[in-house]
Number of protein chains: 2
Amino acid sequence: MQKDIDSKLNAKNIKPTAMRQLVLQVLTKQSTAISLPELENKFEKADKATLYRTLKTFEKNKLIHSIDDGTGSIKYALCKDSCECHPDDLHVHFLCTHCNQTYCLNDISVPNINLPSSFSLESVNMVVKGICSVCSK
Amino acid sequence: MQKDIDSKLNAKNIKPTAMRQLVLQVLTKQSTAISLPELENKFEKADKATLYRTLKTFEKNKLIHSIDDGTGSIKYALCKDSCECHPDDLHVHFLCTHCNQTYCLNDISVPNINLPSSFSLESVNMVVKGICSVCSK
DNA sequence: ATAATCTTTGCAACCCAGTTGCATGAACTT
DNA sequence: AAGTTCATGCAACTGGGTTGCAAAGATTAT
């Protein structure tokens, strides 16, 4: 368990400090993406700036990816092991307008778009809004 | 010209005040989407709150639609006359990472997504990032 | 082991887009 | 003309994100 955490960090060349272990633990437990303010609430006492920088480090090293779901706060979720965050790796995200949870639809990759000529593509953000399976019961 | 502005406002049941005429004029001239701070800069002296509420009114009455392109400020662009902002009306947006302009790709509608069972769809936000035709010259 | 260096953390302060309360002013109703 | 409704302008606040800086911890060289 703890070993898993450390090896994941090592695999992405991130020094396994106590803080980072804790944050990764939280992220691993999560089934949905989490925002910085939400992450803050998971800890009794934790510094926003430290958590912020931890997430940034994770993102830079492609351990997590960020999702702008339009709620006003950026959310983060673990990348798949193989993920390089290239356009080909991109999947669709789903925001439930009822519970405000954001899901990675890992199995649904972002469809191809034929851009007008002389527009070049770097990345795509695709967020579907609706009601999730939990809330639609 | 001025007649056009007023009839557009009337068509969407928006009382044509001086402020609203001015804002709609700016929006009409724009070929790309514009944010509240950007809109502010188009005027010598204008109140942020008033512009904010003007945009909200326009949006509520489906004269404009909002785009969250991930830059941190929401942008607004005119709707097509027939637009009802339903999922079927949705088009792809393009953010140029060089000039920071956001384009409505009106001709490119958002592709259909097959959501997992018991997920329901309300709307979709799809933003493609890359280099626009102006900047790629 | 000790000193020098680099990295991480914690606190505070700041930035900025968005938003709201409230009082004034304009337009419309009776 | 008085009363009502709606729009505007100012100020203040919120909240997420971000940065500066100094202390604490880890790493490397001496």
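Residue numbering restarts at 1 for every chain, and letters A, B, ... go by the order of the sequence lines.
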**Student:** Give me the atom names and distance for the closest heavy-atom approach of B:Ile14 to B:Leu63.
**Tutor:** CD1-CD2, 3.9 Å
**Student:** Just how far is it from atom OH of A:Tyr76 to atom OG1 of A:Thr102, taken to the nearest 0.5 Å?
**Tutor:** 12.5 Å
**Student:** Looking only at side-chain N and O atoms, does B:Thr17 come under 4.0 Å of OP1 or OP2 in D:dT8?
**Tutor:** yes
**Student:** To the nearest Å, give me how far apart CG (A:Leu55) and P (D:dT19) are.
**Tutor:** 15 Å
**Student:** Looking only at atom types and distance, does a side-chain atom of A:Lys48 sit under 3.5 Å from a main-chain N or O of A:Glu40, one as donor and one as acceptor?
**Tutor:** no
**Student:** Strictly under 4.0 angstrom, non-hydrogen atoms only: write out the protein contact profile of nucleotides 17-24 of chain C, one letter per nucleotide from the 5' end, B, S or -.
**Tutor:** SBBBB---
**Student:** Can you name the closest pair of heavy atoms from B:Ile67 and B:Ala77 and give their distance?
**Tutor:** CD1-CB, 4.3 Å
**Student:** Taking CG from A:Asn13 and C1' from C:dT7, how many angstroms apart are they, rounded to a whole number?
**Tutor:** 15 Å
**Student:** Verify, without hydrogens or angle tests, whether A:Asn125 (side chain) and B:Val127 (backbone) share a donor-acceptor contact under 3.5 angstrom.
**Tutor:** no
**Student:** For nucleotides 24-29 of chain D, read 5' to 3', which letter fits each nucleotide if B means a protein heavy atom sits under 4.0 Å from the base, S means only the sugar-phosphate is that close, and - means neither?
**Tutor:** ------
**Student:** Can you check the A:Glu59 CD to D:dG17 P distance for me, whole Å?
**Tutor:** 11 Å
**Student:** Can you tell me how far C1' of D:dT8 sits from CD1 of B:Ile14, to the nearest Å?
**Tutor:** 17 Å
**Student:** Checking side-chain polar atoms at under 3.5 Å, does B:Ser35 have a donor or acceptor matched by the opposite partner on B:Lys75?
**Tutor:** no
**Student:** If you count the non-hydrogen atoms of other residues, nucleotides and ligands that lie under 6.0 Å from CG in A:Asn10, is the total more than 12?
**Tutor:** yes
**Student:** Rounding to a whole Å, what distance do you find between B:Phe43:CZ and D:dG9:C1'?
**Tutor:** 15 Å
**Student:** Take atom CD of B:Glu44 and atom P of D:dG9, then tell me their distance rounded to the nearest Å.
**Tutor:** 15 Å
**Student:** Looking only at the side chains, is there a donor atom on one of A:Thr97 and A:Lys129 sitting less than 3.5 Å from an acceptor on the other?
**Tutor:** no
**Student:** Is A:Ser109 reaching over with its side chain to a backbone N or O of A:His91, donor-acceptor style, under 3.5 angstrom?
**Tutor:** no
**Student:** Please report, rounded to the nearest Å, how far the P atom of D:dC21 is from the CG atom of A:Asp47.
**Tutor:** 17 Å
